[in-house]
There are 2 protein chains.
Amino acid sequence: MKDAKAKVLLVDDEPDILEIVGYNLKNEGYQVFTAENGEEALKIAKKKKPDLIILDVMMPVMDGIEACEKMRKMPELDDTVITFLTARGEDYSMIAGFDVGADDYITKPVKPRVLVSKVKSLLRRRENVAPETSNILKLGNLVIDRDQYKIIYKKEEMILPRKEFELLSLLTTKPGKVFKREEILDVVWGNEVIVGGRTIDVHIRKLREKLGDDSFKTVKGVGYKYVK
Amino acid sequence: MKDAKAKVLLVDDEPDILEIVGYNLKNEGYQVFTAENGEEALKIAKKKKPDLIILDVMMPVMDGIEACEKMRKMPELDDTVITFLTARGEDYSMIAGFDVGADDYITKPVKPRVLVSKVKSLLRRRENVAPETSNILKLGNLVIDRDQYKIIYKKEEMILPRKEFELLSLLTTKPGKVFKREEILDVVWGNEVIVGGRTIDVHIRKLREKLGDDSFKTVKGVGYKYVK
DNA sequence: CATTGAGTTAACCTAAAGCTAACATGGATT
DNA sequence: AATCCATGTTAGCTTTAGGTTAACTCAATG
């Protein structure tokens with residue numbers, strides 16, 4: 001698990017909090033760094049590139065808002081999740097917090113158990129944000145939306161059966177490239193499954209039926225390719 | 001970084017959105033322009049030629065769909081990525097969006113960080129049009145594309161039958177080198193298959209037919225070589 | 001001018017892809 | 001639980017492109 005060795009930077013001016021929360025996080029297997037103010041936090045963040053930063057809002061020297069703002073400008077923290085720690089009631093800080101690029105906030109006082117589970121969920125979320133690389137592919141009059149498992153062909157929206165979709169999906173990752181049958185089996189079926197020799201053909205045929213004959217070219221003895 | 005100075009045009013009729021999103025994008029180093037309706041957006045787009053346009057669908061005066069349609073007709077925006085902002089649920093707008101030439105869509109509400117990472121990925125995608133790392137071999141007026149299993153000879157694209165392609169492929173790996181018939185059989189046919197004595201000749205003949213006589217030189221008693 | 005290896009041609013053969021319908025499966029729906 | 005339906009797979013047949021062969025011709029060499 002990546003989470004097992006995830007790095008967390010904890011920033012608060014109260015040593016008590018650093019200790020208690022830090023202890024609980026370490027217990028969960030996180031690698032914990034601490035800082036007592038924003039300035040210090042920035043230095044450590046730059047050096048350690050933590051996966052998650054928990055930032056108290058009210059701090060001397062440099063408050064959390066300002067620190068967060070600066071962190072968000074640091075390219076090495078692109079993939080870092082930042083969350084604020086705020087005393088209950090300071091509602092305004094939360095709003096300002098989102099403006100400066102924070103991902104979440106936690107209100108104090110917080111039970112360690114609750115905090116830990118929040119940390120977990122934040123780190124999990126981060127992984128779900130990363131593959132946010134929009135999964136839409138446009139090729140002439142064909143649009144493939146890998147997120148929604150649907151395609152739009154000649155302005156008509158349609159959903160394809162899974163295998164067909166995956167086959168199409170594969171072929172269109174590199175239009176023009178010839179994919180060997182073996183390659184196709186590996187990716188679409190998985191190299192442990194063994195399917196008959198005509199299975200690919202049948203799916204190609206169905207795709208041709210739906211998306212037009214000429215988009216899928218056969219290269220005999222080799223495989224198939226998608227052409228615009 | 002090119003991204004550092006990329007121009008983004010943000011179009012929405014809600015000033016709040018313009019401010020929050022605009023703020024976050026500026027924070028990332030983008031040069032941000034804003035417009036409150038499609039008409040205004042068109043003017044700014046024409047003048048500033050942004051790299052990315054984020055377009056709300058629902059707007060007074062001129063909606064995003066119409067604006068997009070008009071933008072796509074402007075030659076100065078050929079290299080511009082256009083993405084829609086749509087409230088979750090208005091699914092139809094997405095489909096219509098692709099019809100009028102949008103490249104992607106983003107659903108509201110969206111967290112600033114998510115939006116920023118989406119923006120990055122969209123701008124990255126735009127730059128990624130070129131780096132097609134394929135194995136292409138160029139030899140004078142002959143181009144051999146092993147991925148696409150096709151060749152281009154004198155600017156004319158053609159696909160060769162498998163054996164011919166492989167034979168050509170082999171000979172061109174070392175132009176000028178003489179390949180013994182035995183070597184050719186090993187590579188193209190596989191050393192277990194036994195084929196008659198005239199088989200190679202026939203394939204050479206077909207290649208000569210297609211690619212010109214003089215490219216393939218016979219070395220009597222030995223084999224063949226490819227010469228430019 | 002005989003021998004040897006390569007070129008040419010068209011007929012032939014075959015492996016690979018196309019096609020169709022039947023069968024299997026698993027997930028919904030009632 | 002029983003049924004239904006969409007998807008996926010298979011078997012078996014047809015079709016075809018590609019590959020091979022055989023038979024003959026040609027050119028070079030000694």
Side-chain angles (χ1 to χ4, degrees), chain A residues 148-151 157-171 177-227, chain B residues 146 148-151 157-171 178-227:
Chain A
Q148 308 202 14
Y149 254 80
K150 74 181 180 191
I151 66 171
E157 184 180 330
M158 50 207 285
I159 59 164
L160 296 180
R162 201 155 24 276
K163 282 282 190 279
E164 278 165 54
F165 186 86
E166 277 167 18
L167 177 54
L168 174 66
S169 218
L170 172 64
L171 293 181
K177 172 183 172 168
V178 178
F179 290 84
K180 305 203 186 72
R181 299 177 86 91
E182 201 194 324
E183 260 176 292
I184 295 174
L185 284 178
D186 268 16
V187 177
V188 179
W189 275 265
N191 46 6
E192 61 321 319
V193 188
I194 17 150
V195 288
R198 303 269 62 68
T199 302
I200 293 179
D201 307 22
V202 175
H203 285 94
I204 287 284
R205 197 190 132 256
K206 284 176 184 162
L207 284 175
R208 282 178 170 149
E209 226 165 49
K210 288 168 185 168
L211 306 182
D213 253 30
D214 22 329
S215 292
F216 303 90
K217 261 207 116 180
T218 303
V219 182
K220 240 191 162 174
V222 187
Y224 296 92
K225 69 176 166 182
Y226 177 87
V227 291
Chain B
R146 290 195 170 84
Q148 310 205 184
Y149 258 82
K150 75 175 185 195
I151 65 170
E157 187 178 324
M158 49 208 285
I159 60 164
L160 298 180
R162 182 146 162 260
K163 282 282 191 291
E164 279 165 52
F165 186 86
E166 278 169 14
L167 176 54
L168 174 66
S169 220
L170 172 63
L171 294 180
V178 179
F179 290 84
K180 304 200 189 75
R181 298 177 87 92
E182 200 195 325
E183 259 177 292
I184 295 174
L185 284 177
D186 268 15
V187 177
V188 179
W189 275 265
N191 46 6
E192 46 345 303
V193 189
I194 17 149
V195 288
R198 302 270 63 68
T199 302
I200 293 179
D201 306 27
V202 174
H203 285 95
I204 287 285
R205 196 194 136 255
K206 285 177 182 162
L207 284 176
R208 283 178 170 151
E209 222 167 53
K210 287 167 184 167
L211 306 182
D213 256 29
D214 23 330
S215 292
F216 304 90
K217 261 205 113 181
T218 304
V219 182
K220 249 189 156 179
V222 188
Y224 297 91
K225 69 176 168 180
Y226 176 85
V227 291

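A, B, ... follow the sequence lines: proteins, then strands. Residue 1 opens every chain.
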Mind checking what makes side chain to side chain contact (heavy atoms under 4.5 Å, CB included) contact with B:V187, not counting sequence neighbours?
B:L170
Main chain of A:V219, side chain of A:K225: is a donor-acceptor contact present, judged purely on distance under 3.5 Å?
no
In whole angstroms, the gap separating P of D:dT25 from CZ of B:R205 amounts to 16 Å
How would you list, by chain and number, every residue that makes a salt bridge (charged side-chain N to carboxylate O under 4.0 Å, His left out) with B:E183, sequence neighbours excluded?
B:K177
Residues that A:K217 engages under salt bridge (charged side-chain N to carboxylate O under 4.0 Å, His left out), provided they are two or more places apart
none
Please identify each residue that fulfils side chain to side chain contact (heavy atoms under 4.5 Å, CB included) with A:L160, with sequence neighbours left out.
A:I151, A:M158, A:E164, A:F165, A:L168, A:L207, A:K210
Can you tell me how far P of D:dT20 sits from CD of B:E164, to the nearest Å?
11 Å
Taking any heavy-atom pair under 4.0 Å as a contact, classify B:Y224: base, sugar-phosphate, or nothing.
sugar-phosphate
In numerical order, the residues of residues 209-220 of chain A whose heavy atoms come under 4.0 Å of DNA chain C are A:T218, A:K220
Rounded distance (Å) that lies between atom P of D:dG8 and atom CG of A:D201
16 Å
Compare every heavy atom of B:L167 with every heavy atom of B:I184, then report the nearest pair and how far apart it is.
CG2-CD1, 3.6 Å
Under the ring-ring contact (aromatic ring centres under 6.0 Å, His included) rule, collect the residues that match up with B:F179, sequence neighbours excluded.
none
Integer-rounded Å distance: D:dT21 C1' and B:H203 NE2
12 Å
B:W189 side chain N/O closer than 4.0 Å to the phosphate oxygens (OP1, OP2) of D:dG19?
no
Rounded to whole Å, please give me the gap between CZ in A:R162 and P in D:dT9.
10 Å
Considering only heavy atoms of chain A and a distance under 4.0 Å, specify the first and last nucleotide of DNA chain C in 5' to 3' order that meet this criterion.
C:dA16 to C:dT20
Side chain to side chain contact (heavy atoms under 4.5 Å, CB included) partners for B:R198, two or more places apart:
B:R181, B:D201
Mind checking side chain to side chain contact (heavy atoms under 4.5 Å, CB included) for B:R205 and listing every partner two or more places apart, or none if nothing turns up?
B:E209
Nearest-angstrom distance from the residue atom CD1 of A:I159 to C1' of D:dT7:
12 Å
Pairs in or reaching into residues 180-202 of chain B: which pass ring-ring contact (aromatic ring centres under 6.0 Å, His included), with residues at least two apart or in two chains?
B:W189-B:H203
Close N/O contacts between protein and nucleotides 10-15 of chain D (under 3.5 Å):
residue, atom, partner, partner atom, Å
D:dT10, OP2, A:G196, N, 2.5
D:dT10, OP2, A:T199, OG1, 3.3

Partner residues of B:R162 under the salt bridge (charged side-chain N to carboxylate O under 4.0 Å, His left out) criterion, sequence neighbours left out
B:E166
In whole angstrom, what separates A:Y149's OH from D:dA6's P?
20 Å
